[in-house]
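Because only heavy atoms are used, hydrogens play no part in the values below, and waters and symmetry mates are left out as well, while side chains stay in. Quick note: residue numbers are just sequence positions, from 1.
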Amino acid sequence: QVQLVESGGGLVQAGGSLRVSCAASGRAFSNYAMAWFRQAPGKEREFVAAISWNGIAYYANSVKGRFTISRDNAKNTMYLQMNSLKPEDTAIYYCAADNEARSRTDTAYYRAVATYGSWGQGTQVTVSS
């Protein structure tokens with residue numbers, strides 16, 4: 001399994017921007033799908049964005065046009081650039097990795113919590129109004 005460590009969370013005002021990062025170690029990074037999920041207090045963990053091994057991005061409707069997911073395979077790092085942040089974006093953001101190298105194109109696969117076998121510890125993002 002891969003080890004994942006998130007960083008870059010913090011407090012930002014509504015309308016502001018933040019970039020969170022996910023550093024991976026323990027195995028080859030480039031062959032696996034990666035994703036960001038988030039969980040707000042009292043709510044279930046929800047899909048935010050995912051990126052396939054070859055760089056195709058998938059987004060939740062709630063963040064489409066505001067968030068951008070990317071990966072730097074040379075640095076074993078994934079990023080989530082968050083712009084035009086809203087108070088409802090407040091949550092703990094988790095990085096996740098698939099533990100199998102699969103070539104899939106169905107959106108449902110990338111959105112499912114069960115797809116990902118490795119998870120980071122999370123980083124808090126708080127958006128004040």
Indicate yes or no: at least one non-hydrogen side-chain atom of [X] is less than 4.5 angstrom from one of [Y].
X      : Y      : value
Gln124 : Thr90  : yes
Val63  : Arg38  : yes
Glu44  : Val113 : no
Val2   : Phe29  : no

From [X] [atom1] over to [Y] [atom2], what is the distance, rounded to the nearest 0.5 angstrom?
X      : Y     : atom1 : atom2 : answer
Ser7   : Tyr93 : OG    : OH    : 15.0 Å
Tyr110 : Ile69 : OH    : CD1   : 11.0 Å
Ser62  : Phe67 : OG    : CZ    : 7.5 Å
Arg71  : Ser21 : CZ    : OG    : 14.0 Å
Asn31  : Asp98 : CG    : CG    : 11.0 Å
Asn76  : Cys22 : CG    : SG    : 10.0 Å

Determine the minimum heavy-atom distance between [X] and [Y], stating which atoms define it.
X      : Y      : answer
Leu80  : Ala49  : CD1-CB, 4.2 Å
Arg111 : Tyr59  : NH2-O, 3.0 Å
Ala14  : Ser129 : CB-CA, 4.3 Å
Cys95  : Met34  : SG-CE, 3.9 Å
Ser103 : Trp53  : OG-NE1, 3.9 Å
Ser17  : Ser84  : OG-N, 4.4 Å

Take Arg104 and Ser52 through the test side-chain contact (heavy atoms from CB on, under 4.5 Å) and record every step on the way to the result.
CA-CA 8 Å; Arg104 297 283 295 267; Ser52 68; over 6 Å; no
Counting N and O atoms only, with roles assigned by atom type, does the side chain of Thr77 sit under 3.5 Å from a partner on the main chain of Asp72, one being a donor and the other an acceptor?
no
Look only at the side chain of Glu6 and the backbone of Gly122, and say whether a donor-acceptor pair between them is shorter than 3.5 Å.
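Yes; judged by distance alone, with no hydrogens or angles, the pair exists.
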Side chains of Asn99 and Ser118, donor plus acceptor under 3.5 Å:
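Yes, Ser118 and Asn99 have a side-chain donor paired with an acceptor closer than 3.5 Å.
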Can you establish whether the number of heavy atoms outside Gln13 located under 6.0 Å from its atom CD is more than 12?
no
Tell me whether the count of non-hydrogen atoms from other residues, nucleotides or ligands lying under 6.0 Å of CH2 in Trp119 goes above 12.
yes
Hey, does the Lys NZ or Arg CZ of Arg45 hover above the aromatic six-ring of Phe37, less than 6.0 Å from the centre and inside 45° of the axis?
no
Partner of Met82 by side chain to side chain contact (heavy atoms under 4.5 Å, CB included), out of Thr68, Val125, Val48
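It is Val125; the other options fail the test.
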Assigning hydrophobic clusters by single linkage (Ile, Leu, Val, Met, Phe, Trp, Tyr; side-chain heavy-atom cutoff under 4.5 Å), is Trp36 placed with Ile51?
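The answer is yes; both residues are in one hydrophobic cluster.
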Is Tyr32 reachable from Tyr116 through a run of hydrophobic residues whose side-chain heavy atoms are each under 4.5 Å from the next?
no
Step through it carefully: locate the ring centre of Phe47, locate the ring centre of Tyr58, and say whether they are under 6.0 Å apart.
no
